[in-house]
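These notes concern the structure reproduced below.
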Amino acid sequence: MGHSSGLRDGQRGRLPARSMAWPAFSGSLTDVGPQAVRQDPDEVAPRLRVRGFILDTAAFRAFEEERRQLQSQTERLQRERNTRSKAIGAAKARGEDIALLVAQVGDLGQRLNAAKAAFNGLQERLHRFLSEIPNLPDASVPEGATEADNLELRSWGRMPQIDFEPLDHVDLGAGGALDFAAAVKISGARFVVMKGAAARLHRALTQFMLDTHVEEHGYTEVYTPYIVNSASLFGTGQLPKFADEQFAIEGAGGMHLIPTAEVPVTNLYRDVIIDADALPIRHVCHTPCFRSEAGSYGKDTRGMIRQHQFEKVELVQLVRPEDSWQVLEELTGHAEAILKKLELPYRTVALCGGDLGFAAAKTIDLEVWLPGQGRYREISSCSNFLDFQARRMMARYKDAGGGASEYVHTLNGSALAVGRTLVAVLENFQDGAGGASVPEVLRPYMGGAARLDLNTI
RNA sequence: GGAGGGGUGGCUGAGCGGUCGAAAGCGCUGGUCUUGAAAACCAGAGAGGUGAAAGCCUCCCAGGGUUCGAAUCCCUGCCCCUCCGCCA
């Protein structure tokens, strides 16, 4: 314990890369982040292979060897400078002539600067190398490369009895309720304009989800900025590796549109030592999410399944390490509760290693049944990050009695993606007459209406 | 947008370019005292890197510069505060 491997100190979590702290390593090899690489690359490499990440242990060893050499050289010169300067100061205090001493220093400063530059350059490359290593998957994560290898855990609900050919949401909204053409004109592909009943349904879903999590699941609602700095994106793991997937704001010094509320909400606790009594911390937050969808060309181009802008109600928890697996189950249950209340059939799957996000140790997806497409589609993703994000952002907790601070564990999950939920409601509750019935729980949010007319806007 | 003032350890707040990693107070930890607590008194304690260890090296917002030597001087950036202007 207390063992640490920070690359740079006193500069925690700030970008650019040069000034970012590498979070410390302070635990056993079990269930720690890639920092364990520094302890035992050979132990970590096979575990990373489960998610398809090949750890270049040879490169790492080369880095370490160079680091060792440059660091000791730099520190030796620093020590010499300190010693000589102190001697000069002491001589001066005694009123002696210091000219000779100063002359003896020679080109020490030059040599030190050169050594420092070499060391800093190495540090930067090493830091980049380490910060692009994903979290270690939990032992329970199934092997596999793609979505097809995900493991179905359970399913809930009954498929709707539709005695006509079900339409998908694009056709259901073709009367203008979902206006993709308008969105193309004012923005471009992968956007939607919702009108009339659809727009109201979208708002109703959001309010319903927020109210449920606040009133029934004990979450505290937060409202956050939709634009964040790079340090925040580093903290949750979107940077440096996934810059392409974010929308950066030009000329704004590293500001980005948020890809998910996870970023601003989790980063509320960046560089914070939380009172242990305050745990668990539970936040629910509704935000738009912005994703460039780079690399998904040709994928889900029809409809509003994959958009550059969508709304999401997100659950975020910060918990004591020993509680995080239990909390993953609970948090997933909170997301499931929304689907159940909406009477939407879904199934639960454990993501395989290859499908796992960068920062997650384990992820459970909820997939809702879409009659219009005749398949299940992801509508929520609930993950345990263990201390991976906490290390990146220095989010720690401390017991009241003092003692060392420890990293919290962070979790989050969509509950739910609002746009996809709207799609699911329209497709599952379509009535074959250009409309859809409104799930009971939503009616109070829809002015009591029991049916949506999608053709009148 | 304009004009000023600032960023020092958990907090408040000192700090002539040379034993300053940094005074003091508060808070914190341990002890004495007390039935217990409070008060009082005494003692202790920053974070990190590296190394088997001794030790050595960083860190006074960040980056750069001047200097034998920078918390202290200079430049740039970021952030905060006050006033003016504009504004949902």
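Lettering of chains follows the sequences in order, A, B, ..., and the numbering in each one begins at 1.
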If you look only at distance, which donor and acceptor atoms sit under 3.5 Å apart when one is on a side chain in residues 88-109 of chain A and the other is two or more places apart or in another chain?
residue: Arg94(A); atom: NH1; partner: Glu96(A); partner atom: OE1; Å: 2.9
residue: Arg94(A); atom: NH1; partner: Glu96(A); partner atom: OE2; Å: 2.6
residue: Asp97(A); atom: OD1; partner: Ala99(A); partner atom: N; Å: 3.3
residue: Asp107(A); atom: OD1; partner: Arg111(A); partner atom: NE; Å: 3.2

For Asp300(A), all residues meeting side-chain hydrogen bond (donor to acceptor under 3.5 Å, both in side chains), sequence neighbours excluded: Arg306(A), Arg377(A)
Any residue meeting side-chain hydrogen bond (donor to acceptor under 3.5 Å, both in side chains) with His308(A), in chain and number order, not counting sequence neighbours: none
Sugar-phosphate only, base, or nothing, as touched by Arg76(A) at under 4.0 Å among non-hydrogen atoms: nothing
5'-most by nearest nucleotide on RNA chain B - Gln78(A) or Gly109(A): Gln78(A)
5' precedence on RNA chain B between Leu108(A) and Arg79(A) (nearest-nucleotide basis): Arg79(A)
Return the value, rounded to whole Å, for the distance between atom [atom1] of [X] and atom [atom2] of [N].
{"X": "Leu70(A)", "N": "rC56(B)", "atom1": "CG", "atom2": "P", "value": "22 Å"}
{"X": "Gln110(A)", "N": "rG69(B)", "atom1": "CD", "atom2": "C1'", "value": "16 Å"}
{"X": "Gln71(A)", "N": "rU58(B)", "atom1": "CD", "atom2": "C1'", "value": "9 Å"}
{"X": "Glu75(A)", "N": "rG51(B)", "atom1": "CD", "atom2": "C1'", "value": "10 Å"}

Nucleotide nearest Val102(A) (side chain, heavy atoms from C-beta), chosen from rU58(B), rC68(B), rU50(B): rC68(B)
Which nucleotide, in any strand shown, forms a Watson-Crick or G-U wobble pair with [N], with both distances under 3.5 Å?
{"N": "rA62(B)", "result": "rU76(B)"}
{"N": "rG18(B)", "result": "rC68(B)"}
{"N": "rG1(B)", "result": "rC84(B)"}
{"N": "rA40(B)", "result": "rU32(B)"}
{"N": "rA52(B)", "result": "none"}

Short N/O separations, protein against nucleotides 15-18 of chain B, under 3.5 angstrom:
residue: rG18(B); atom: O6; partner: Lys92(A); partner atom: NZ; Å: 3.0
residue: rG18(B); atom: N2; partner: Ser85(A); partner atom: O; Å: 2.9

Phe385(A): partners by ring pair (Phe, Tyr, Trp, His ring centres under 6.0 Å), with sequence neighbours left out: none
Partner set under side-chain contact (heavy atoms from CB on, under 4.5 Å) for Lys241(A), not counting sequence neighbours: Phe53(A), Glu132(A), Phe358(A)
Gap in Å between the two P atoms, one belonging to rA23(B) and one to rU8(B), rounded: 16 Å
Donor on one side chain, acceptor on other, His409(A) and Tyr397(A), under 3.5 Å: no
Exercise: do Gln71(A) and Gln123(A) side chains pair donor with acceptor under 3.5 Å: no
Phosphate contact (rU58(B) OP1 or OP2) by Asn82(A) side-chain N/O below 4.0 Å: yes
